[in-house]
Structures are given as C-alpha cells and as structure tokens.
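Worksheet for the structure shown next.
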Amino acid sequence: MIDIQNMKLAECEALSHWIDPRYGFLSPGKFIPALEANREVYTVDCHALEGYGQDAEFLREKEKEIFPISFNISRTDLEACDIYQKIEDTVARYGLSRDQVHIEITESALNDSS
C-alpha cells in the first residue's frame, strides 16, 4: 500500500500463490477452496506470517525499515486452530509489535454455508 500523501510504501500485503511443477502458476482461487474444505488453509496463513517474521528479523539486523503487513484469515482458520494464539506466538517470537500485523477477515468467514 502506498501512502498517497508522501508517495512512499506504507504497508505490504501477504498474498499466497502456488507454483506447481506440473500445473504451473495457480491462483489462490484454485487452491484455497480445497484447503478450506479440508480445514488446512490456516497452515498457509501461518506460513505467510512466519515468513514475515523472518523477513522482519532480517531487516531489523540490517537496520532497515520494517513495514506492516496485512494478511487474510478465513472462517476455517477460526475453526481449525487457535489462530489468535498462533498469531500472538509468532508476533512474540519475532519481536513484532501488534501494529505491524494487520489481519483481514475474508468474505468466506462471514459466509455460514458450511
């Protein structure tokens, strides 16, 4: 995300894509529904947050600016695990502040179809 007042980077967003050796590039619309159906999408979400923590740690060591990140969680994240605790644990492990991690709830979390 760009701050339009100063035209500088203000925030990043974690977007998951899958590059399969057989099928090539798969958009989230191709693999997220299968992960949600099997209550496994939280593993991708936790992996994205973990990667951000590792990147933040690297940037901190290099004395570089760390931008906040925004990432999605879905209804199945809330059902499959204690996603709040997983986020809290990752934030603590990497010494992140809570204002560095912005959580977006996906539309499917609001859908009561399952």
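Along the sequence shown, the residues carry numbers beginning at 1.
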Quiz: residues 55-66 side-chain donor-acceptor pairs under 3.5 angstrom, not counting sequence neighbours:
unit_1	atom_1	unit_2	atom_2	d
R60	NH1	Y94	O	3.2
R60	NH2	Y94	O	3.1

Side-chain donor-acceptor pair present, E104, S70, cut-off under 3.5 Å: yes
Once rounded to the nearest 0.5 Å, what's the spacing between atom CD of E36 and atom OG1 of T76? 4.5 Å
Above 12 or not: heavy atoms from other molecules or residues under 6.0 Å from CD1 of I4? no
Filter on salt bridge (Lys or Arg N to Asp or Glu O under 4.0 Å), then keep only pairs touching residues 86-99, sequence neighbours left out; what's left? E50-R93, E88-R98
Atom pair CG/CD1 of L78 and I73 - distance to nearest 0.5 Å: 4.5 Å
What salt bridge (Lys or Arg N to Asp or Glu O under 4.0 Å) pairs are there with at least one residue in residues 5-15, not counting sequence neighbours? none
Atom CD1 in I69, atom CG in L49: separation rounded to 0.5 Å? 7.5 Å
On a heavy-atom basis, which atom in P28 and which in S16 lie closest, and how many Å separate them? CG-O, 3.0 Å
Quick one: hydrophobic cluster around V44, which other residues, with the 4.5 Å side-chain cut-off, linked directly or via members? W18, Y23, L26, F31, I32, L35, V41
Just do the side chain to side chain contact (heavy atoms under 4.5 Å, CB included) check on F71 and I103 with the steps written out, would you? CA-CA 5 Å; F71 75 102; I103 300 168; 4.1 Å; yes
Cluster membership besides F25, Ile/Leu/Val/Met/Phe/Trp/Tyr side chains within less than 4.5 angstrom, sorted by chain and number, is I19
For C12 and F67, which heavy atoms make the closest approach, and how far apart are they? SG-CB, 4.2 Å
SG of C81 to CG of D45: how many Å apart, nearest 0.5 Å? 9.0 Å
Using a 4.5 Å cut-off on heavy atoms from C-beta on, say whether the side chain of C46 contacts that of I83. yes
When you measure from the side chain of D3 to the backbone of Q5, do you find a donor-acceptor pair of N or O atoms at a distance under 3.5 Å? yes
May I ask you to decide if I105's main-chain N or O and N72's side chain share a donor-acceptor pair within less than 3.5 Å? no
Any salt bridge (Lys or Arg N to Asp or Glu O under 4.0 Å) involving residues 23-35? Give me the pairs, sequence neighbours left out, ordered by first then second residue. none
How about Q100 and Y52: do any of their side-chain heavy atoms sit closer than 4.5 Å? yes
